[in-house]
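Here's the structure, in C-alpha cells; my notes come after.
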Amino acid sequence: MTELNRQVLLTSRPAGIAQAENFAIGHAPIQPPAPGQILVRNHYLSIEPAMRGWIADAGNYAAPVAIGSVMRSLASGEVVASAHPDYTVGEHVSGWFGWQDYACVAADQVVQRTTAAEMRASLGILGINGMTAYLALTLVGQPRAGETIAVSTAAGAVGSAVGQIARILGCRTIGIAGGPTKVRRCVEEYGYDHAVDYHAGNVEAAIAEHAPEGIDIYFDNVAGAISDSVLPHLAQRARVIVCGTASIDRWDPWPMGPRVERHLLVKRARMEGFVIFDHLDRYAEATAQLRTWISQGRLTWREDILEGIEACPAALAGLYRGENDGKRLVRLV
C-alpha cells in the first residue's frame, strides 16, 4: 500500500490535562499483517477521560503511553487485510487500535466484533462507557429498588447511562451536572428524578433537599469538591463507587481535602474503586443486557463527533472543559 498512515503521537508529558501541544501528527508506512495479525482501517476514534491518566499520572492502573508513540485509544473500523484465521476482510471490529488511520494488531487487541451500523455505539453505550456504567453499578453499587442514587457528571457518556440503568432497576436518581443545558437534559432525556447544577451554588444543600433520607449509592466520576458535598449525606450502609477523578487535574503534589473516614464509619458505608479492565470477562453479559434495554427503547445516548484526525490533539482538553455534547468521538472516514 502506498498510502501513508497518519498517527497522533504523544510528544511530551503534560502537567495536568493534556493540551494540543502535547501531541503531533506523524506519518508512517502502512504495515501488512504478520501471521496472526489483522490490519484495521479505523473509522472512529474514542476520546476518554481516562486518557489523562494514561499519559500523565504516576501510580495509574496502566503503564503510561511512551513519549513518541501512538496515543493509546479505543477505535472501531473495518478489517482490510487479515493473516488470522478467525477474521475476514470486510468485518467490523473495535479494540485498542490507537489514534491513527490504520492499525496492524494482534487478535488480543480486538475487544469485540461489531457492525457498520454500530461502530460508534461500540465505543460508547455498547463499549467501555456502557460496560462501566452497567458493571460498576450492579457489581459494586448492588442497587435495590427504592434506593436513592446520586451520579456526578450525570450528563456524560458514563453518567447518563448510570442514571438510566438505575431508573430501570427501580432507584430514585439525582444527577449532578454543569450548566442549565446539561441539567435539563438529565431530567428530560435521561430520566433523572432531580438534577443539580454544580455551577449554580450549594451542591450540598441541593442534595439534602432532594435526598432527605440520604444517598444509598454515590456513583463518583469526579472526586474533589462535588464529592465532598455528597459524602456527608450518605445513608446507612451506603455504597460509594469511585469510577473517576475528573475534577483533579494533577496528583503531584497530592491534593488535600476533607477526610472521608468518619462518614464511612458512622454510616457503615463502603467505598470501592472500579476499573473496567478488571471485568473484561463480563463484557458479553453486559452487552446483551444493554442491547435488550436499547431494543425496548429504555436506554438512550448522545454522541459528540469531531471530524478528522487533526481534531485529536485538542479533543481531550475540550472534554475536560465540558465542551462535548455526549460521547466524544473523532470520525476519520
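In what follows, every heavy atom counts, from backbone to side chain, and hydrogens, waters and symmetry copies are set aside.
- Phe97 and Met71 fall into different hydrophobic clusters, where Ile, Leu, Val, Met, Phe, Trp and Tyr are joined by side-chain heavy atoms under 4.5 Å apart, directly or via other members.
- Taking the charged nitrogens against the carboxylate oxygens, Arg144 and Asp216 have no contact shorter than 4.0 Å, which rules out a salt bridge.
- Criterion: ILVMFWY side-chain heavy atoms under 4.5 Å apart, direct or through other members. Under it, Leu231 and Ile226 are part of a common hydrophobic cluster.
- Ion pairing between a basic and an acidic side chain is recognised when a charged N comes within 4.0 Å of a carboxylate O; Arg328 and Glu48 show no such pairing.
- Take Asp228 and apply the salt bridge (Lys or Arg N to Asp or Glu O under 4.0 Å) test, not counting sequence neighbours, and it matches no residue.
- Arg259 and Glu261 are not joined by a salt bridge, as no carboxylate oxygen comes within less than 4.0 angstrom of a charged side-chain nitrogen.
- Two different hydrophobic clusters hold Val240 and Leu135 under the rule that ILVMFWY side chains link at heavy-atom gaps under 4.5 Å.
- Under 4.0 Å is where a charged nitrogen must lie from a carboxylate oxygen, and between Glu303 and Arg331 no such pair does.
- Leu45 and Gly98 get closest at one heavy-atom pair: CD2-O, 3.5 Å.
- Under the 4.5 Å side-chain heavy-atom criterion for grouping Ile, Leu, Val, Met, Phe, Trp and Tyr, Phe219 is not connected to Met271 through any hydrophobic cluster.
- The side-chain heavy atoms of Leu39 and Tyr102, taken from C-beta on, include a pair separated by under 4.5 Å.
- A donor-acceptor contact shorter than 3.5 Å is absent between the side chain of Ser227 and the backbone of Gly224.
- A donor-acceptor pair under 3.5 Å is formed between the side chain of Glu91 and the backbone N or O of Thr88.
- Distance CG/Asn202 to OG/Ser229: 6.5 Å, rounded to 0.5 Å.
- Looking only at distances, a side-chain donor or acceptor of Gln109 sits under 3.5 Å from a matching main-chain atom of Ala106.
- With hydrogens and angles ignored, the 3.5 Å screen pairs no side-chain donor or acceptor of Ser76 with any backbone N or O of Ser94.
- Using a 4.5 Å heavy-atom cutoff, the side chains of Ile17 and Arg52 are in contact.
- The side-chain hydrogen bond (donor to acceptor under 3.5 Å, both in side chains) pairs that include a residue from residues 161-174 are Thr148-Arg172, Arg167-Asp193, Thr173-Asp193, where partners are two or more places apart or lie in different chains.
- At least one side-chain heavy atom of Ile174 sits under 4.5 Å from a side-chain heavy atom of Val196.
- A 4.5 Å side-chain heavy-atom check between Pro14 and Gln19 finds every atom pair outside the cut-off.
- For the atom pair CD1 of Ile125 and OG1 of Thr287, the computed distance is 10.5 Å after rounding to the nearest 0.5 Å.
- The main-chain N or O of Ser46 is found under 3.5 Å from a side-chain atom of Trp99 such that the two form a donor-acceptor pair.
- When side chains are defined from C-beta on, Ile305 counts as touching Arg120, because their heavy atoms get closer than 4.5 Å.
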(request) Decide yes or no on salt bridge (Lys or Arg N to Asp or Glu O under 4.0 Å) for Glu272 and Arg239, but give the supporting numbers first. (result) CA-CA 8 Å; Glu272 182 175 339; Arg239 287 82 71 199; over 6 Å; no
(request) Dump the intermediate steps for side-chain contact (heavy atoms from CB on, under 4.5 Å) on Leu332 and Tyr44, then the final yes or no. (result) CA-CA 6 Å; Leu332 299 182; Tyr44 294 94; over 6 Å; no
(request) Please test Lys327 against Ser160 for side chain to side chain donor-acceptor pair (under 3.5 Å), starting from the C-alpha separation and ending with a verdict. (result) CA-CA 10 Å; Lys327 168 63 183 180; Ser160 61; over 6 Å; no
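- Side-chain atoms of Ile176 and Ile207, non-hydrogen and from C-beta on, do get closer than 4.5 Å to each other.
- Looking at Asn221, its side chain does come within 3.5 Å of a backbone N or O of Ser152 through a donor-acceptor pair.
- The aromatic ring centres of Trp96 and Trp54 sit less than 6.0 Å apart.
- Closest approach of Asn42 to Ala75, counting heavy atoms only: OD1-CB, 3.6 Å.
- Scanning both residues, Ala133 and Val158, for their nearest heavy atoms gives CB-O, 3.8 Å.
- Without hydrogens or angle criteria, Ser247 side chain to Ala223 main chain gives a donor-acceptor distance under 3.5 Å.
- Taking the ring centroids of Tyr190 and Trp301, they lie at or beyond the 6.0 Å cut-off.
- A donor-acceptor pair under 3.5 Å is absent between the side-chain atoms of Arg270 and the main chain of Arg268, judged by distance alone.
- Residues Ala195 and Cys186 approach most closely at CB-CB, 3.8 Å, considering heavy atoms.
- Taking every heavy atom of both residues into account, Val183 and Ala177 meet most closely at CG2-O, 4.1 Å.
- Listed by chain and residue number, His233 satisfy the side chain to side chain donor-acceptor pair (under 3.5 Å) test with Glu204 (two or more places apart in sequence, or in another chain).
- For His194, the ring-ring contact (aromatic ring centres under 6.0 Å, His included) partners two or more places apart in sequence, or in a different chain, are His210.
- To the nearest 0.5 Å, atom NE2 of residue His92 and atom OG1 of residue Thr114 are 8.5 Å apart.
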(message) Evaluate Thr132 against Cys243 for side-chain contact (heavy atoms from CB on, under 4.5 Å), listing each step before the verdict.
(response) CA-CA 8 Å; Thr132 296; Cys243 194; 3.3 Å; yes
(message) One pair to check against side-chain contact (heavy atoms from CB on, under 4.5 Å): Leu329 and Leu306. What are the steps and the verdict?
(response) CA-CA 6 Å; Leu329 301 168; Leu306 307 177; over 6 Å; no
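- Side-chain heavy atoms closer than 4.5 Å link hydrophobic residues (I, L, V, M, F, W, Y) into clusters, and following such links, possibly through other members, connects Leu280 to Val140.
- Partners of Asp101 according to the salt bridge (Lys or Arg N to Asp or Glu O under 4.0 Å) rule, which considers only residues two or more places apart in sequence or in another chain, are Arg6, Arg41.
- Atom-to-atom distance recorded for Ile128:CD1 and Leu123:CG is 9.5 Å, nearest 0.5 angstrom.
- Crowding of Arg13 atom CZ: a count of heavy atoms from other residues, nucleotides or ligands under 6.0 Å exceeding 12.
- Residues passing the ring-ring contact (aromatic ring centres under 6.0 Å, His included) test with His43: none are found, sequence neighbours excluded.
- Rounding to the nearest 0.5 Å places CH2 of Trp254 at 10.0 Å from CD1 of Ile248.
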(request) Apply the test salt bridge (Lys or Arg N to Asp or Glu O under 4.0 Å) to residues Lys182 and Asp197: give CA-CA distance (whole Å), side-chain angles for both, the deciding distance (0.1 Å), then the verdict. (result) CA-CA 8 Å; Lys182 291 185 177 181; Asp197 183 356; over 6 Å; no
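- In summary, Arg291 and Glu118 engage in a salt bridge, as defined by a charged side-chain N under 4.0 Å from a carboxylate O.
- Two residues are said to be in side-chain contact when any heavy atoms from C-beta on lie closer than 4.5 Å; Leu319 and Pro49 meet this criterion.
- Here the closest heavy-atom approach between residue Ile165 and residue Leu299 is recorded as CG1-CD1, 4.3 Å.
- Remark: Leu316 CG to Ile55 CD1 distance equals 6.0 Å, nearest 0.5 Å.
- Leu137 is listed as a side-chain neighbour of Pro143, based on a closest heavy-atom distance under 4.5 Å.
- When the shell of 6.0 Å around CD of Glu213 is examined, it contains 12 or fewer heavy atoms from other residues, nucleotides or ligands.
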